[in-house]
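Here's the structure we're looking at; comments come further down.
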Number of protein chains: 2
Amino acid sequence: MQTMRIEDEIKQPVFKDEYQKGLINLVYTAGWLQQQQAAAFREFDITLPQFNILRILRGQHPKPATVNLLIERMLDKTSNASRIVDKLEAKSFVTRTVCPSNRRAVDIRITDSGLELLQRMDASVDLHHGLKTLTLEEAQQLNTILDKIRD
Amino acid sequence: MQTMRIEDEIKQPVFKDEYQKGLINLVYTAGWLQQQQAAAFREFDITLPQFNILRILRGQHPKPATVNLLIERMLDKTSNASRIVDKLEAKSFVTRTVCPSNRRAVDIRITDSGLELLQRMDASVDLHHGLKTLTLEEAQQLNTILDKIRD
DNA sequence: TGCAAATATATGTACATACATTTAATGTTG
DNA sequence: CAACATTAAATGTATGTACATATATTTGCA
């Protein structure tokens with residue numbers, strides 16, 4: 001398949017300049033990638049934000065994480081970690097206990113069932129890593145440019 | 001201010017490779033840009049998807065658009081245009097009338113009030129075009145790489 | 001013509017986001 | 001130590017997303 005330029009994808013042939021085009025292209029491509037990932041997750045009955053939180057908890061395991069720690073590590077800082085943990089708790093992939101040393105905080109831990117889910121997903125998700133069409137040099141250029149955007 | 005690498009932003013110092021890092025960086029940066037835009041829109045009491053639909057309608061004006069046309073032109077193809085039009089209609093920025101030549105379809109038109117809103121926003125939104133930290137060459141590289149990702 | 005398939009939009013439900021507010025526990029300070 | 005501020009998490013409300021289904025209209029064709 002040939003490269004589909006962003007102009008064709010959204011049927012708006014004219015952009016004011018390369019910057020406006022880049023902005024729209026970036027948001028569009030990120031959404032496209034997230035949809036690819038969400039589709040891969042569907043068979044595991046889990047969403048992308050839920051998966052991201054599970055991975056953070058696995059990184060901490062066997063230490064617990066608090067909601068604050070999850071928010072710090074999450075890609076989208078403003079999202080509502082508390083309610084995503086609700087869903088994971090309902091599926092028994094995490095546990096919540098009051099933190100003994102600070103009773104305002106909550107210790108969140110991944111369960112064996114959660115660890116087992118991530119193991120099953122590791123094999124599958126790696127296949128869809130999304131940027132496989134790029135050369136290594138292009139991937140490096142991309143990272144440099146993206147970091148610069150957020151200056 | 002100095003460049004904040006993605007490793008520092010999300011406090012996960014190790015990525016498997018440049019591809020995994022690029023994927024996370026891309027999603028993170030797109031979300032960051034969208035939040036910047038949403039903040040600029042807040043004072044106008046409008047959301048990003050609502051703004052995007054209004055711009056499409058201005059592009060068609062004075063011809064009407066159907067829901068199908070909006071979906072074709074929208075960045076996120078799967079989103080629910082019908083309900084976003086609901087919100088814009090409630091604010092009197094658009095009108096909905098049954099299409100005379102095809103009574104299944106709905107003619108959606110931007111109102112004078114909607115056009116006036118966009119005019120007020122044009123000045124403000126242009127200031128936050130987001131990629132202004134890049135050189136022209138970097139913006140071009142970015143567009144080339146993003147198009148290639150979606151191959 | 002009549003009836004099934006296709007089309008255009010709307011609606012239902014579950015989940016997530018964005019922002020403000022609430023509740024409870026802990027710190028601070030006069 | 002009591003009053004007030006701060007912190008951690010949860011909750012309320014509006015919006016949007018994702019996917020399935022429903023409703024109405026039009027098209028196609030036997």
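Proteins get letters first, then strands, A, B, ... in listed order; numbering begins at 1 in each.
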Just the rounded figure in Å: distance from [atom2] of [N] to [atom1] of [X].
| X | N | atom1 | atom2 | result |
| --- | --- | --- | --- | --- |
| B:Leu70 | C:dT9 | CG | P | 9 Å |
| A:Leu48 | D:dA18 | CG | P | 11 Å |
| A:Arg83 | D:dA14 | CZ | C1' | 11 Å |
| B:Gln50 | D:dT15 | CD | P | 7 Å |
| A:Asp45 | C:dA14 | CG | C1' | 11 Å |
| B:Glu72 | C:dT9 | CD | C1' | 15 Å |
| A:Gln37 | D:dA18 | CD | P | 13 Å |
| B:Asp107 | C:dT9 | CG | C1' | 13 Å |

Map B:Ala105 and A:Arg103 onto DNA chain C by nearest heavy atom, then report which one ends up closer to the 5' terminus. B:Ala105
To the nearest 0.5 Å, what is the distance between CG on B:Leu117 and CG on B:Asp112? 12.5 Å
base_contact_polar (C:dG27 base, A:Arg104 side chain, donor-acceptor, <3.5 Å): no
Would you classify A:Asn68 as touching base, sugar-phosphate or nothing, given that sugar-phosphate means primed atoms plus P, OP1 and OP2, and contacts are heavy atoms under 4.0 Å? sugar-phosphate
Considering only heavy side-chain atoms of A:Asn80, the closest of C:dG12, C:dA18, D:dA9 is C:dA18
Side chain of B:Thr47 only, please: which of D:dT17, D:dT25, D:dT15 is the nearest? D:dT15
Do A:Asp107 and A:Lys63 have side chains that approach each other closer than 4.5 Å (heavy atoms only, starting at C-beta)? no
Please name all residues satisfying salt bridge (Lys or Arg N to Asp or Glu O under 4.0 Å) with B:Lys21, sequence neighbours left out, ordered by chain then number. B:Glu7
Going by side chain to side chain donor-acceptor pair (under 3.5 Å), name the residues that satisfy it together with B:Asp86, two or more places apart in sequence or in a different chain. B:Arg96
Sorted by number, the residues of residues 84-102 of chain B with heavy-atom contact under 4.0 Å to DNA chain D: B:Ile84, B:Lys87, B:Asn102
Phosphate-side-chain proximity, A:Ser82 and D:dA8, N/O vs OP1/OP2 below 4.0 Å: no
Do the side-chain N or O atoms of B:Gln34 get closer than 4.0 angstrom to the phosphate oxygens (OP1, OP2) of C:dA18? no
Do B:Arg150 and A:Asn25 pair up side chain to side chain, a donor and an acceptor below 3.5 Å, judged on atom types alone? yes
